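Reviewing the structure listed below.
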Amino acid sequence: MNGNHRDPTHYVTFPSNILTALLQLTYLELENIGLSVPADGGAALPPLQALTRLKGLRLYFDGEAAAAVNSSMLSGMQHLTSLELFWLSELDPGALAPHTQLQHLELSDCRIRGAAAGVGQLLFYMQSLQQLTDLQFCCHDDPPGPAVSYSALTASSRLRHLKVSGCRLPAGVWHVFPDGRQLPHLE
């Protein structure tokens, strides 16, 4: 569902109860939709864990309609191979933990829960993403974790495309390419 990202008055409000009827869905893209916060104070983002057949998920929110992703929100997606998250108000690093089969991962302008410690935790979970072929990592607002943690960005020997942008990287960040790491497909 796409809305006009320049004018928040034109957002589409997504009724989360629709997801219970879409259990066969394999790809979901929510872009610039208006999210109303439930009266009970629960999460504004629809519950996604019921979409167990999803292979691709793209969530794009601009500053007017930011959303948070926690670990339980993506927990039911056992077949997820592509994950694109843009402009999240908060990303729980543990959300990546069960998704070791990811081939495409894009994290752009997402605030990582836990600041520097959270970035380190996110990079820790990224070490197990051995199927990754495409990785884009852009983290403007988060402080850097330890330099050695960034070797997780090149942990997959299948990596073909790597884009790191807008990050405040720590000194010694060349740990991204540790000695002996073979990246035969990297373009």
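Computed from a prediction, not measured in an experiment: that's the story for all the values here.
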Nearest heavy-atom approach of Q130 to S156 is O-OG, 2.9 Å
Is there a path of hydrophobic side-chain contacts, each under 4.5 Å between heavy atoms, that joins L183 and V148? no
Do L25 and L54 touch side chain to side chain, with heavy atoms closer than 4.5 Å? yes
R181 and S151 have their tightest heavy-atom pair at NH1-O, 2.9 Å
For residues N70 and S72, report the shortest heavy-atom separation together with the two atoms involved. OD1-OG, 2.9 Å
Would you indicate whether Y125, at its atom OH, is surrounded by more than 12 heavy atoms from other residues, nucleotides or ligands within a distance under 6.0 Å? yes
Would you compute the distance between atom CZ of R113 and atom OG of S89 and round it to the nearest 0.5 angstrom? 9.5 Å
Gap separating the NE2 atom of H99 from the OG atom of S82, nearest 0.5 angstrom: 12.0 Å
Can you classify the ring geometry of F137 versus Y150 as parallel (below 30°), tilted (30 to 60°) or perpendicular (above 60°)? perpendicular
Output for pair (R53 CZ, M77 CE), nearest 0.5 Å, gives 14.0 Å
Could you see if I112 belongs to whatever hydrophobic cluster contains V176? Use Ile, Leu, Val, Met, Phe, Trp, Tyr and a side-chain cutoff under 4.5 Å. yes
Do F177 and T154 have side chains that get closer than 4.5 Å, going by heavy atoms? yes
Rounded at 0.5 Å granularity, tell me how far CG in L122 sits from CG in L91. 6.0 Å
Are L132 and V164 co-members of a hydrophobic cluster defined by side-chain heavy atoms under 4.5 Å apart? yes
Do Y27 and L85 land in one hydrophobic cluster if side-chain heavy atoms of ILVMFWY residues count as linked below 4.5 Å? no
Spatial distance of atom CG (L129) from atom CG (L102) [nearest 0.5 Å]: 5.5 Å
Test item: L59 and L48 side chains (from C-beta on) under 4.5 Å apart, heavy atoms: yes
Residue pair L74 / V69, side-chain heavy-atom distance below 4.5 Å: yes
Worked check of side chain to side chain contact (heavy atoms under 4.5 Å, CB included) between L135 and K163: CA-CA 6 Å; L135 174 60; K163 179 179 180 181; over 6 Å; no
Does some side-chain heavy atom of S75 sit less than 4.5 Å from a side-chain heavy atom of Q49? yes
Only one of L96, T81, L80 passes side-chain contact (heavy atoms from CB on, under 4.5 Å) with L105, and that residue is L96
Between P93 and G118, the two heavy atoms sitting closest are CG-O, 3.4 Å
Using a 3.5 Å distance criterion without hydrogens, assess whether the side chain of T100 forms a donor-acceptor pair with backbone atoms of S128. no
Just to verify, which of E29, E106, H104 counts as forming a side chain to side chain donor-acceptor pair (under 3.5 Å) with R58? E29
Side chains of Q101 and H79: do they bring a donor and an acceptor to under 3.5 Å? no
What distance do D134 atom CG and H161 atom NE2 have between them, rounded to the nearest 0.5 Å? 6.0 Å
